[in-house]
Amino acid sequence: MVKVLFVCLGNICRSPTAEGVFRAMVHREGLSDRITIDSAGTAAWHVGKSPDPRSMAAARARGIDMSAQRARQAVAGDFAHFDYVLAMDSENHADLLRLCPRGAEGKLSLFLDFAPHLGRRDVPDPYYGGPGGFDEVLDLVEAAAEGLLADIRQRHL
Ligand code: 4NP
């Protein structure tokens with residue numbers, strides 16, 4: 001099993017979107033029995049909550065159901081369990097580096113680094129912005145999900 005964890009700040013907008021998009025892609029490709037997917041937040045504010053309704057609506061418009069997902073906080077043990085720990089922005093990346101046990105840093109990446117053609121490294125936080133921010137998150141996440149799946153195929157499958 002290849003294990004993938006997406007991490008943002010609150011685990012109610014960006015990383016649950018990445019989880020939903022990547023799970024749907026993995027299912028479409030017939031790889032659900034080879035790849036497990038989860039998401040978490042660096043902060044504990046929203047633990048146990050469903051994704052933000054704006055994120056769920058934007059994802060639903062693209063055929064992705066995030067309603068069963070619940071927020072949790074990232075823990076140091078995630079670095080033992082997961083093969084990929086993927087930060088949505090550089091602040092999440094810095095927080096995860098502080099959480100990361102020595103020697104496990106190689107598992108940590110910025111998610112958008114799997115889509116270098118985007119020329120961007122951070123998925124912008126849509127929480128305090130307008131509705132267009134949630135569609136932008138989906139566009140960026142879909143692009144990086146393609147690159148991530150290609151990396152997993154090349155290195156693990
Ligand atoms: P996320 O967005 O990190 O993409 O889940 C946020 C959600 C909540 C807050 C900030 C960002 N907040 O401040 O509560």
Side-chain angles (χ1 to χ4, degrees), residues 2-27 35-101 104-105 107-149 151-152:
V2 182
K3 303 183 190 75
V4 177
L5 180 67
F6 298 103
V7 183
C8 62
L9 177 59
N11 193 212
I12 55 170
C13 299
R14 291 165 294 174
S15 61
T17 299
E19 178 185 347
V21 164
F22 195 57
R23 182 172 292 120
M25 180 178 288
V26 163
H27 180 75
I35 302 173
T36 61
I37 304 152
D38 194 8
S39 68
T42 57
W45 309 316
H46 300 284
V47 168
K49 287 200 202 148
S50 297
D52 188 297
R54 299 166 295 173
S55 291
M56 285 205 279
R60 199 177 303 116
R62 301 191 192 195
I64 290 154
D65 178 13
M66 292 161 52
S67 61
Q69 298 174 207
R70 296 293 179 271
R72 73 169 178 88
Q73 189 172 25
V75 294
D78 286 327
F79 284 94
H81 182 74
F82 290 93
D83 303 296
Y84 291 81
V85 179
L86 301 172
M88 293 294 130
D89 69 25
S90 30
E91 187 183 310
N92 310 145
H93 187 276
D95 289 339
L96 286 165
L97 260 186
R98 277 188 285 276
L99 187 66
C100 180
E105 295 84 358
K107 294 183 170 188
L108 177 61
S109 314
L110 277 167
F111 183 37
L112 291 193
D113 284 355
F114 286 95
H117 61 281
L118 294 173
R120 306 172 59 167
R121 304 192 78 193
D122 288 351
V123 181
D125 183 351
Y127 190 68
Y128 293 108
F134 294 86
D135 262 321
E136 183 187 28
V137 168
L138 275 157
D139 292 340
L140 295 170
V141 159
E142 284 176 352
E146 298 276 359
L148 172 62
L149 187 58
D151 189 85
I152 291 174

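Computed from heavy atoms alone, side chains included, the values below leave out hydrogens, waters and symmetry copies. Each ligand, and each atom within it, is numbered from 1 in the order the structure gives.
- At under 3.5 Å, not a single nitrogen or oxygen of Pro126, backbone or side chain, sits near a nitrogen or oxygen of ligand 1.
- Distances between N or O atoms of Arg14 and those of ligand 1 include at least one value under 3.5 Å.
- A salt bridge is absent between Arg120 and Asp89; no separation between the charged side-chain nitrogens and carboxylate oxygens falls under 4.0 Å.
- The atoms of ligand 1 that sit less than 4.0 Å from any heavy atom of Gly10 are 1 (P), 3 (O), 5 (O).
- Closest to atom 13 (O) of ligand 1, if we only count protein heavy atoms, is Tyr128 OH, 3.2 Å.
- Between the side chain of Asp52 and the main chain of Ile12, no donor-acceptor pair closer than 3.5 Å is present.
- Listed by atom number, the atoms of ligand 1 under 4.0 Å from Cys13 heavy atoms are 1 (P), 2 (O), 4 (O), 5 (O).
- Cys8 SG, 3.5 Å is the protein heavy atom nearest to atom 1 (P) of ligand 1.
- Considering backbone and side-chain N/O atoms, Asp125 comes within less than 3.5 Å of an N/O atom of ligand 1.
- With salt bridges taken as basic N to acidic carboxylate O contacts below 4.0 Å, one links Asp135 and Arg62.
- The proximity of Asn11 to ligand 1, defined as any non-hydrogen pair under 4.0 Å, is limited to the backbone.
- The two atoms that bring Ser67 and Ser50 nearest to each other are O-OG, 4.5 Å, heavy atoms only.
- A heavy-atom separation below 4.0 Å is found between His46 and ligand 1.
- Partner Phe114 forms a side chain to side chain contact (heavy atoms under 4.5 Å, CB included) with one of Leu149, Leu86, Ile152 and no other, that one being Leu86.
- For Ile12, a nitrogen or oxygen atom sits less than 3.5 Å from a nitrogen or oxygen atom of ligand 1, counting backbone and side chain alike.
- With Asp38 as the fixed residue, the salt bridge (charged side-chain N to carboxylate O under 4.0 Å, His left out) test singles out one of Arg72, Lys3, Arg23: Arg72.
- When hydrogens are left out, the protein atom nearest atom 9 (C) of ligand 1 is Tyr127 CD2, 3.5 Å; that is the closest non-hydrogen contact.
- Nearest heavy-atom pair, Gln69 versus Pro16, reported as atom, atom and distance to 0.1 Å: NE2-O, 3.0 Å.
- Ionic pairing of Asp113 and Arg121 is present here: one or more N-O contacts between side-chain nitrogen and carboxylate oxygen are shorter than 4.0 angstrom.
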